[in-house]
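One structure below.
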Amino acid sequence: MKGIKALPIKFVLGFAWVALIAIHLPSPAQQVVDVKANYTKSEHMIPMRDGVNLFTAVYAPKDTAQTYPILLCRTP
C-alpha cells in the first residue's frame, strides 16, 4: 500500500506497554474501605421457588444513623 509506512516495532511495543500499565492503575475515584470495620457480615441459605437453596452473604452497614440503598449482585 502506497503512502502508509509500517510503524517501528519499538513504537508499537512501547505503546502496548503504556496501555497495559494504564489499565492496572487505580482510578482517583476508587477508595479503600475497611469492610470488617464498617460492615456486619451474615451468611444465609435462601430457598428458591424450584427448591434449590442459594448461599448468600449479606453485608449490613454498622452505621444505623441513616438508611442506605440495597445492592444485589447475583452470580451463577
Side-chain angles (χ1 to χ4, degrees):
M1 295 170 68
K2 295 181 180 178
I4 298 177
K5 296 181 180 180
L7 294 174
I9 191 72
K10 288 183 181 180
F11 176 76
V12 173
L13 291 176
F15 180 77
W17 180 253
V18 171
L20 286 173
I21 291 173
I23 290 172
H24 294 289
L25 292 176
S27 69
Q30 292 178 341
Q31 297 176 357
V32 177
V33 176
D34 188 8
V35 175
K36 288 185 178 183
N38 295 317
Y39 296 93
T40 302
K41 179 182 178 183
S42 58
E43 297 175 344
H44 308 278
M45 294 300 285
I46 307 295
M48 298 290 110
R49 290 186 295 193
D50 61 356
V52 175
N53 289 327
L54 296 180
F55 175 78
T56 305
V58 177
Y59 291 88
K62 290 183 179 179
D63 178 21
T64 57
Q66 62 181 356
T67 58
Y68 293 97
I70 188 169
L71 174 66
L72 297 175
C73 296
R74 303 304 297 187
T75 58

Q: Group every Ile, Leu, Val, Met, Phe, Trp and Tyr by side-chain heavy-atom contacts under 4.5 Å, then state whether Ile46 and Val52 land in the same group.
A: yes

Q | side chain to side chain contact (heavy atoms under 4.5 Å, CB included) assessment of Ser42 paired with Thr40 | A | CA-CA 7 Å; Ser42 58; Thr40 302; 5.8 Å; no

Q. Can you name the nearest heavy-atom pair linking Met45 to Phe55, along with the distance?
A.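 Answer, listing the atom of Met45 first, then Phe55: SD-CA, 3.6 Å.
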
Q | Atom of Pro61, atom of Tyr68 and distance for their closest heavy-atom approach | A | CG-CD1, 3.6 Å

Q. Any chance NZ of Lys62 has more than 12 other-residue heavy atoms, nucleotides or ligands included, within less than 6.0 Å?
A.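 Yes.
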
